[in-house]
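Values in this document were obtained by computation on a predicted structure and should not be read as measured data.
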Amino acid sequence: MRFLGVKANKKSLSNMVYWDLKEKILKNILLPGDKLIEMEIASKLDVSRTPVREALKKLEKDGLVTSFPRKSFIVSKISVKEAKNLYIVRKSLEPLCVELLAEKGLTDKTKYFEEVNEDLRIAIENGEEELSQNLIIEWNMALVKSLNNEILIEIMTMINKRLYRFGNFIFRDKKNYNRHYDNLQRIYKLIEEKKPKEARKASERTIEIIYEMFEEQADYRMFRK
């Protein structure tokens, strides 16, 4: 029983290290290409090297970390190809969701969507960047959930999770941040006014602009083709 307890504790430490590093990578605190040195991480988190090694291997499976000979690791570079493919799929599906919602406008089924939109407005006004980033993702999901289509919800959840890292990278520039918020509000108003065709076009253009923002990032050392 004591042995099992030791194993459980090691697993808990490994998960703690994993989530700590994952959050820092997704939020670009640790940037693409940064070296991940086991001893330094272990010292900072006050753990042994074993849970750090286990966490790094798990992050490698997630595609967030790249390993090299002699057990060295770096934060994985951002894949331009992956970003492009995800935005292509998103541009096919999200405008469809917007158009379907705008056909009926704001109803009892869109209450949560309306609440998230208001929370986002307040977060932007108060300059709460991390909260705003999370609410931007939730804005998209609240929109999809308003349609009550399980297949769309499943697919869009996967896409948004995969795009989270790219979004954080793009929104390091506050101009991009505010511009995207303005575009979301334009879409929201068109949904409210029951203008499905205009809303769809606005959604398509918004997604095109997000990808343009991504391509405009200056430091291509962070990217891989």
Take T66 and E60 through the side-chain contact (heavy atoms from CB on, under 4.5 Å) test and state the conclusion after the steps. CA-CA 6 Å; T66 302; E60 185 177 17; 5.7 Å; no

Ignoring hydrogens, what is the shortest heavy-atom contact between F73 and E38? Give both atom names and the distance. CE1-OE2, 4.1 Å

Search all heavy atoms of L31 against all heavy atoms of V75 and return the closest pair with its distance. O-CB, 3.3 Å

For T206, does its backbone N or O pair with a side-chain atom of N183 as donor and acceptor, under 3.5 Å? no

Atom CG of D46: over 12 foreign heavy atoms under 6.0 Å: no

Treating Ile, Leu, Val, Met, Phe, Trp and Tyr as nodes and any side-chain heavy-atom pair under 4.5 angstrom as an edge, say whether I209 and L190 lie in one connected cluster. no

Would you say NZ of K58 has more than 12 non-hydrogen atoms from neighbouring residues, nucleotides or ligands within 6.0 angstrom? yes

Point-to-point distance, once rounded to the nearest 0.5 Å, from CD1 of I159 to NZ of K91: 14.0 Å

Tell me whether E154 at atom CD has more than 12 heavy atoms from other residues, nucleotides or ligands lying less than 6.0 Å away. no

Write down the atom of S72, the atom of P69, and the distance for their closest heavy-atom approach. OG-O, 3.4 Å

How many angstroms lie between atom NZ of K111 and atom CD of E114, to the nearest 0.5 angstrom? 5.0 Å

Does the salt bridge (Lys or Arg N to Asp or Glu O under 4.0 Å) test come out yes or no for K195 and E99, once each step is laid out? CA-CA 8 Å; K195 295 180 177 178; E99 183 178 13; over 6 Å; no

Check for me, please, whether I25 and I37 land in the same ILVMFWY cluster - side-chain distances under 4.5 Å, paths through other members count. no

Determine whether I88 and M213 fall in the same hydrophobic cluster, where Ile, Leu, Val, Met, Phe, Trp and Tyr are linked whenever their side-chain heavy atoms lie under 4.5 Å apart. no

Got I210 and Y87 here, is their nearest side-chain heavy-atom distance under 4.5 Å? yes

Counting distance only, does the side-chain N/O of N160 pair as donor-acceptor with the main-chain N or O of M156 below 3.5 Å? yes

Give the cluster check for L135 versus I122: same hydrophobic cluster or not, with ILVMFWY residues linked at side-chain heavy-atom distances below 4.5 Å. no

Do V52 and M39 have side-chain heavy atoms sitting under 4.5 Å apart? no

Run the ring-centre check on Y188 versus W139 and record whether the distance is less than 6.0 Å. no

Answer yes or no: is there an ion pair linking R121 with E125, defined by an N-O contact shorter than 4.0 Å? yes

What is the distance from atom CG of L131 to atom CG of N126, rounded to the nearest 0.5 Å? 9.0 Å

Could you check whether any side-chain heavy atom of K57 comes within less than 4.5 Å of a side-chain heavy atom of V65, counting everything from C-beta outward? no

Group every Ile, Leu, Val, Met, Phe, Trp and Tyr by side-chain heavy-atom contacts under 4.5 Å, then state whether L120 and V98 land in the same group. yes

Heavy-atom side-chain proximity of D62 to Y18 below 4.5 angstrom: yes

Give, for atom CD1 of I207 and atom CG of L86, the distance between the pair rounded to the nearest 0.5 Å. 12.0 Å

I'd like to know whether S132 forms a side chain to side chain donor-acceptor pair (under 3.5 Å) with E128, so could you lay out the CA-CA distance, the side-chain angles of the two residues, the decisive distance to 0.1 Å, and finally the verdict. CA-CA 6 Å; S132 297; E128 298 176 86; over 6 Å; no

Atom NZ of residue position K201 - does it have more than 12 heavy atoms of other residues, nucleotides or ligands inside 6.0 Å? no

Which pair of non-hydrogen atoms, one from P196 and one from A102, has the smallest distance, and what is that distance? CA-CB, 3.5 Å

Taking only Lys NZ, Arg NE, NH1 and NH2, and the carboxylate oxygens of Asp or Glu, determine whether E82 and R165 approach each other closer than 4.0 Å. no

Within-4.5 Å side-chain heavy-atom neighbours: N117 and Q185: yes

Atom pair CD (E204) and CD1 (I187), whose distance is rounded to the nearest 0.5 Å: 10.0 Å

Given side chains that start at C-beta, do those of R186 and S203 come closer than 4.5 Å, heavy atoms only? no

For this output row, return yes or no: ring centroids of F214 and F166 closer than 6.0 angstrom. yes

Report yes if the side chains of L36 and I74 come closer than 4.5 Å at any heavy-atom pair, otherwise no. no

Rounded to the nearest 0.5 Å, what separates atom CH2 in W19 from atom NZ in K22? 4.5 Å

Distance-only donor-acceptor pairs under 3.5 Å for side chains of residues 143-153, two or more places apart:
unit_1: S146; atom_1: OG; unit_2: A142; atom_2: O; d: 2.8
unit_1: N149; atom_1: OD1; unit_2: I151; atom_2: N; d: 3.2
unit_1: N149; atom_1: OD1; unit_2: L152; atom_2: N; d: 3.1

Answer whether the closest heavy-atom distance between the side chains of Y112 and T110 falls below 4.5 Å. no

Should K44 and E40 be marked as a salt bridge (Lys or Arg N to Asp or Glu O under 4.0 Å) after you check the CA-CA gap, both sets of side-chain angles, and the distance that decides it? CA-CA 6 Å; K44 284 179 183 178; E40 288 183 3; 5.1 Å; no

